[in-house]
Each structure stands twice: as C-alpha cells, then as structure tokens.
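Okay, structure first, notes after.
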Amino acid sequence: MKTAHVHALYVHGKSPVHDLEAHVKVAAMLLFVFAVVATPREAFWAFAVDAVLLAGAVRAARIPVRFLFGRLLVLIPFVLFAFLLPFLGGGARTEVLGLSLSIEGLWGAWTILAKATLGVTASIVMAATTEVPDILLGLDRLRVPRLITAIAGFMIRYLDVVLGEMHRMRVAMLSRGYDPRWIWQGRALATSAGSLFIRSYERGERVHQAMVARGYQGHMPVFNSGSAPVGSWARAMTVPSVAWVVTIVSLLT
Amino acid sequence: MSVPALEVRDLSFEYPDGTPVLRSVDFHVHPGERVALLGPNGAGKTTLVLHLNAILQPGEGSVTVAGLPATDDNTHEIRRRTGLVFQDPDDQLFMPTVRQDVAFGPANFGVEGPELEHRVMDALEAVGMMEVADRPPHHLSLGQRRRVAVATVLAMRPEILVLDEPSSNLDPASRHELAHILQSLDITMFMVTHDLPYALELCERSLVMDEGRLVADGPTAEILGDRELMRAHRLELPYGFDPSLVQPH
Ligand SMILES: Nc1ncnc2c1ncn2[C@@H]1O[C@H](COP(=O)(O)OP(=O)(O)O)[C@@H](O)[C@H]1O
Ligand SMILES: [Mg+2]
C-alpha cells in the first residue's frame with residue numbers, strides 16, 4: 001500500500017496522471033504555465049481553450065471538484081488585489097454600474113484572475129498526483145537550480161503545515177463550542193491568524209532542521225533512477241502542446 | 001585515554017534576540033557511555049543538542065565529535081557522526097514510506113545500491129520495525145514512529161546517538177518497548193529527558209542543566225538521590241519513586 005496522505009495537496013488514489021513520472025509532470029505543468037503567461041490578454045478564446053484542457057486533466061487525474069476549489073482558496077489574496085486594481089489604476093476610465101473604473105485596471109484585474117487561476121489549477125493537478133519527495137526529485141532531474149527546488153519544497157511544506165495547523169485550531173475552537181461555518185469566518189480568525197503563522201513557521205523550521213540533520217544539502221537522493229518512457233512524455237505533453245499552439249495562434253492573430 | 005565520542009568545551013550561545021541560553025557548558029562523553037541530560041523546560045537542552053549536529057554554531061567554545069571539530073568545513077561529516085533523533089517524530093519522518101525515510105540519511109552521504117538496502121534493513125531490524133518497511137510513516141502509532149525515527153539515524157552508522165526527550169507522550173507500553181530497544185543498541189548515547197526513571201533505567205551517568213549551565217555531573221542514582229539538588233532545579237521524582245531501591249542495569 002503506497003497510497004498516503006503525504007501532503008495536503010495530495011489526492012489519494014490511482015489515475016493515469018498519478019502514474020506519470022514526477023519530472024514529466026513538473027515539466028508539463030511548467031510548459032503549460034508558460035503558455036498561459038505568454039497568451040495575450042485580449043485572446044479570451046485562448047483562455048477558454050486552456051480552461052477546457054485543464055478540466056480534462058483534472059478529470060483524468062480523478063481530482064474531486066470540491067478538493068480543487070478548496071485548494072484554489074490560496075488565490076484569495078490575489079483576487080482581493082485584482083478587485084482593487086480597477087479603482088486604483090490610472091489612465092482612461094469607464095462607467096460600470098455608476099462606478100468610474102480605470103480601463104487599464106480592469107485589464108490588469110482580468111489578466112491576474114485568468115492567468116493566476118489557470119496557473120494555480122495546473123500546479124494543483126501536478127501536486128495532487130505527486131508526493132513531495134517526488135516533486136523535489138523531479139525538479140532535481142530537470143536540472144532546476146537547487147535554490148528554486150528548495151523554495152518549491154518549502155512552499156509545499158508550509159502550505160501543508162498551515163492547513164494542518166488550521167485543522168487543529170478549528171478542532172480546538174469547535175471543542176470549545178465555537179462553530180464557524182468556515183475557518184475564515186468570524187472574529188476568531190483574526191486572533192488566530194498570528195498564532196497560526198508562528199506555529200506553522202516553527203514547525204516548518206523543525207522539519208527543515210531534521211532534514212539537514214540527516215545530511216540534506218538541497219538535493220533529494222535518487223532511489224529508483226531510470227528515465228521516463230517515451231509514452232509518458234507523449235501523454236503528459238498533450239495538454240501543454242495544445243496550449244502552446246493556442247498561444248502561438250493567438251499571438252499571430 | 002581514548003578520543004571522546006563527544007567533547008563540548010566552554011560552549012556559550014545566545015539566540016539573536018540576545019537572551020543567553022547556554023553558558024560555558026563543558027563536558028565529555030566517552031565511547032560506549034550512555035549519558036542523560038536532565039533539566040527543566042527551557043533549560044537549554046534542545047539548544048545544546050542542535051549544536052551537537054552543527055545546526056547551531058557556537059557563540060563561544062567548541063564541539064568535537066569523535067575527534068572532529070564541528071567547524072564550517074566539517075558540517076557534513078559531523079552530521080553523519082551525530083545521529084540526532086528529534087523530539088517529535090512528525091518533524092523527522094517525511095518520506096512516503098518507512099523504507100525511503102530510513103534510506104534518506106545514508107543516501108545523503110552517498111551510500112547506494114545493495115549497501116544502502118543492507119543499512120536500511122539493519123537499522124529497521126535493530127528497532128524491530130522490519131514489517132512496516134513499506135508503510136507510510138504517518139500510519140504508524142507514535143511509539144512505532146519514534147522507533148522508525150531512531151532507525152533513520154542508525155542507518156547513518158553514527159558515532160553517537162543523540163535523543164531529545166525520547167519517552168515524551170508515549171504510553172507506558174511503548175515507553176517500555178523503546179527503553180528495551182535503546183538498551184539493546186551497542187552505541188554511545190546522549191539522551192535528553194526529564195523522565196527521571198527513564199534516565200536511571202538507561203544511563204549510568206547524568207548531567208543536570210538549568211538556565212543554560214551544567215550544575216551536576218555524576219552517576220545517575222546518586223544525582224537522583226540528591227533531593228536537595230533535584231528540588232533546586234525543578235526535577236520532581238514521580239510519587240513513591242525511590243532511586244536507591246532500583247537496581248541499575
Ligand atoms: N529559535 C529560538 N529563538 C529564540 N529563543 C529560543 C529559540 N528556541 C528556544 N529559545 C529559548 O531558549 C531557551 C531554551 O530553550 P530550549 O533549548 O528549547 O530548552 P529545553 O529543550 O531545555 O526545554 C528557552 O528560554 C527558549 O524560549
Ligand atoms: Mg526541548
């Protein structure tokens with residue numbers, strides 16, 4: 001039995017996407033994200049095609065939609081920021097529902113929302129089907145610089161740790177008769193955010209110390225080497241290749 | 001005289017916020033010895049332990065493991081020589097399977113192939129955890145996870161095994177099982193604890209630390225028997241426990 005809840009972004013189970021080699025998935029995810037980033041903001045149809053492609057990947061990976069939306073909550077700060085842009089932006093303005101909004105700001109908000117949602121969803125598909133050590137190993141095998149691997153590792157780990165601590169704190173609140181429908185509702189959140197941050201940070205530090213204590217120098221040891229079969233690359237690359245075709249077409253038209 | 005397995009000389013340290021945590025700590029551990037470090041919460045025990053693995057660098061003084069000074073150039077080798085078992089196994093175990101977690105340490109030191117497999121199996125056997133090799137660590141009980149955590153450092157073949165509060169939060173049966181396993185290991189041991197009976201059962205010698213200073217060093221039975229010393233440093237013996245009635249191993 002190798003199905004483990006290793007990190008909070010991981011979805012138990014078997015799927016064609018789970019079976020792909022980690023570095024293949026990481027490469028596919030990065031290529032897709034670059035394609036999304038390179039898409040001109042006016043090409044609405046291109047973003048729509050990208051979204052359909054991603055939906056296909058989510059289905060193939062058997063990721064529950066509820067899980068996906070739950071993890072997309074990391075976008076909330078970006079969404080809030082995006083909502084501010086039309087008000088704060090300069091240049092020409094337009095009237096929407098009686099509000100004077102900056103046109104540049106509206107484009108900025110749209111770009112952030114569209115690109116961040118697609119990019120984060122792509123990372124979730126990758127992370128939901130790959131365990132942390134394999135992601136780190138995958139980055140190593142793609143010759144990604146050690147510093148970036150380390151940062152990626154920490155980001156995944158901290159997210160995991162934060163979600164874990166959030167769960168524990170919610171249980172503690174519930175057991176004292178406080179029942180917020182969602183953790184981010186209510187006054188208790190404001191008071192717990194600080195301690196959540198500190199607890200998560202400290203835990204992340206200890207995990208890192210424990211890795212370093214066993215000689216970790218920024219590279220994951222390789223236990224089962226060997227390169228991925230051509231078939232894996234072919235399957236994984238469908239999504240990013242179509243996305244790139246779409247991007248190139250949208251750049252030329 | 002043999003080379004000490006661990007030599008801590010005049011070690012002082014403060015965290016960046018400026019509070020001194022270790023003050024001129026000075027002691028040796030000889031090969032084959034089992035030494036307990038006793039002290040109340042906040043005494044600086046964990047801080048000292050992090051120095052033994054070069055995770056923290058001394059403000060003043062020095063740490064030497066089996067003759068090798070813990071300087072910047074030697075950090076990697078020092079980390080192999082000192083096998084550090086953290087207090088919370090959940091901080092230590094992070095790979096998808098027990099087998100991979102135990103392999104992580106030696107693999108970081110370039111051990112591979114059949115030798116790596118051999119090390120992993122040896123270490124798991126030493127803690128009686130062979131049968132869980134392919135399970136994910138977080139599916140195990142706390143007692144089992146702590147035993148696996150010990151295996152993850154034994155696999156590096158360290159010169160000295162350092163344990164931070166190994167008996168904390170264990171139920172009586174797991175606590176006893178772990179003691180039995182530690183007892184059976186043929187390795188130099190430095191064990192931080194405030195579980196006084198555990199120190200008496202496992203270690204012939206104890207150090208007492210309070211407010212960053214070593215305040216006592218001697219045979220465990222004598223130290224625990226010194227009511228005055230124990231009280232002065234907030235080390236409370238369990239109700240009805242009389243160290244003079246316990247037969248040391
Ligand atoms: N990372 C840190 N930064 C600042 N102070 C710390 C840190 N870690 C521990 N301390 C302080 O150092 C003292 C000793 O802590 P510690 O070594 O964990 O003690 P013990 O393990 O004996 O309970 C405590 O007062 C603690 O608050
Ligand atoms: Mg401690």
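The basis for the numbers below is simple: all heavy atoms, side chains too, and nothing from hydrogens, waters or symmetry mates. So you know, we letter chains A, B, ... as the sequences are listed, proteins then strands, and number each from 1.
The part of B:Leu50 that comes within reach of chain A is its side chain, from C-beta onward, which places non-hydrogen atoms under 4.5 angstrom from that chain.
Closest approach of A:Ala213 and B:Phe86 over heavy atoms only: CB-CE1, 3.7 Å. When every heavy atom of B:Phe109 is checked against every heavy atom of A:Gly215, the shortest pair comes out as CZ-CA, 3.6 Å.
No more than 12 heavy-atom neighbours from other residues, nucleotides or ligands sit within 6.0 angstrom of CD on B:Glu60. Within a 6.0 Å radius of CZ in B:Arg9, other residues, nucleotides and ligands contribute 12 heavy atoms or fewer. Atom CG of B:Asp186 is surrounded by 12 or fewer heavy atoms from other residues, nucleotides or ligands within 6.0 Å. Around the CD atom of B:Glu177, the shell of radius 6.0 Å holds more than 12 heavy atoms that belong to other residues, nucleotides or ligands.
With chain A as partner, the option from B:Glu77, B:His76, B:Gln92 having the largest number of non-hydrogen pairs under 4.5 angstrom is B:His76. Between chain A and the options B:Leu116, B:Asp88, B:Asp91, heavy-atom pairs under 4.5 Å are most frequent for B:Asp91. For chain A, the option among B:Thr152, B:Val153, B:Leu84 with the highest count of heavy-atom pairs below 4.5 Å is B:Thr152.
Distance CD1/B:Ile55 to CZ/A:Arg206: 12.5 Å, rounded to 0.5 Å. B:Phe94 contributes atom CZ, which lies 10.5 Å from atom NE2 of A:His208 (distance to the nearest 0.5 angstrom). Taking CE of A:Met211 as the start and CG of B:Asn108 as the end, the distance is 8.0 Å to the nearest 0.5 Å.
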Derivation and outcome, side-chain contact (heavy atoms from CB on, under 4.5 Å), residues B:Arg79 and A:Val212: CA-CA 8 Å; B:Arg79 287 178 182 156; A:Val212 167; 3.0 Å; yes

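Judged by distance alone, with hydrogens and angles left aside, the side-chain atoms of A:Arg214 form a donor-acceptor pair with the main-chain N or O of B:Asp101 at under 3.5 Å.
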